[in-house]
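Just so we're on the same page: letters track the sequence lines, and every chain starts at 1.
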Amino acid sequence: MDNVFQRVYEITARIPYGRVTTYGQIARLLGNPRLSRIVGCALNRAPADLPCHRVVNRLGGLSDAFSPLGKESQRLLLEMEGVPFRLDGGVDLTACMWYGEEE
DNA sequence: AGTATGACATAGC
DNA sequence: AGCTATGCCATAC
């Protein structure tokens, strides 16, 4: 499918282990920086096998409606992958921000 | 076919 | 410095 959703899934699936990215960044990779909301909507309907826990907002904070598990689970998942967290509970984007294809 | 909504982002107050 | 309001594009109803 050429749907934007599918595109989002592809990009999200390409996020390296122990790395995170933002909705805006993904949207930028899609070609339209304004698609940030679409990215969120896509992840909302994303399949369970999608590592959506590696996607955070530009503040590095997790979404309020990440999944039924809650953002706390997401935080644990990221910590488990070696992603450093800040004191405010946000991800240290300065160290783990994924800027696109760098595999 | 039109309206409403959204896991964001940016600007203004 | 923190909160409110608006923009923006695609999907769902």
Residues passing the side chain to side chain contact (heavy atoms under 4.5 Å, CB included) test with Ala95(A), sequence neighbours excluded, are Pro84(A), Asp92(A)
Note: contacts of residues 38-48 of chain A with DNA chain B (heavy atom, under 4.0 Å) are Ile38(A), Gly40(A), Leu43(A), Asn44(A)
Sorted by chain and number, sequence neighbours left out, side chain to side chain contact (heavy atoms under 4.5 Å, CB included) with Leu35(A) holds for Val4(A), Ala27(A), Leu30(A), Asn32(A), Ile38(A)
### Message
Under the criterion side-chain contact (heavy atoms from CB on, under 4.5 Å), I'd like the reasoning laid out for Arg54(A) against Thr12(A): C-alpha separation, chi angles, the key distance, then a yes or no.
### Response
CA-CA 8 Å; Arg54(A) 292 181 188 156; Thr12(A) 304; 5.7 Å; no
Review point. Are Leu59(A) and Val39(A) joined in one hydrophobic group, where the rule is that I, L, V, M, F, W and Y side chains link up if heavy atoms are under 4.5 Å apart?
Key: no
Within residues 21-36 of chain A, the residues having a heavy atom closer than 4.0 Å to DNA chain C are Arg34(A), Leu35(A)
With a 4.0 Å cut-off (strictly under) to non-hydrogen atoms of chain A, the first and last hit nts on DNA chain B, 5' to 3', are dG6(B) to dT10(B)
#### Entry: Heavy-atom side-chain proximity of Trp98(A) to Ile11(A) below 4.5 angstrom
yes
Open item on the list: At less than 3.5 Å, do the side-chain atoms of Arg37(A) and the base atoms of dC8(C) form a donor-acceptor pair?
Closed with: yes
Contacts satisfying salt bridge (Lys or Arg N to Asp or Glu O under 4.0 Å) that involve residues 35-50 of chain A (not counting sequence neighbours) are none
Hits for side-chain hydrogen bond (donor to acceptor under 3.5 Å, both in side chains) against Ser63(A), two or more places apart or cross-chain, chain-then-number order -> Tyr23(A)
Quick one: are Val56(A) and Thr21(A) in side-chain contact, heavy atoms under 4.5 Å?
no
Report, one pair per line, the protein and nucleotides 1-3 of chain C atoms (nitrogen or oxygen only) whose separation is under 3.5 Å.
none

Starting from Leu29(A), can I reach Leu50(A) by hopping between I/L/V/M/F/W/Y residues whose side chains sit under 4.5 Å apart? yes
Closest non-hydrogen contact found for Pro33(A) with Gly31(A) is CD-O, 3.8 Å
Output for pair (Ile26(A) CD1, Arg7(A) CZ), nearest 0.5 Å, gives 13.0 Å
Run the side-chain donor-acceptor check on residues 71-80 of chain A: report pairs under 3.5 Å with partners two or more places apart or on a different chain.
{"from": "Ser73(A)", "atom 1": "OG", "to": "Leu69(A)", "atom 2": "O", "distance (Å)": "3.2"}
{"from": "Gln74(A)", "atom 1": "NE2", "to": "His53(A)", "atom 2": "O", "distance (Å)": "2.9"}
{"from": "Gln74(A)", "atom 1": "NE2", "to": "Val55(A)", "atom 2": "O", "distance (Å)": "3.4"}

Do the non-hydrogen side-chain atoms of Arg19(A) and Val83(A) ever get within less than 4.5 Å of each other?
-> no
What residues 72-90 of chain A contributes to the DNA chain C interface at heavy-atom separation below 4.0 Å is none
| Gln25(A) and Arg58(A), any side-chain heavy atoms less than 4.5 Å apart | no
Next on the checklist: Please say yes or no: joined through hydrophobic side-chain contacts below 4.5 Å, possibly via intermediate residues, are Phe85(A) and Val20(A) part of one cluster?
Outcome noted: yes
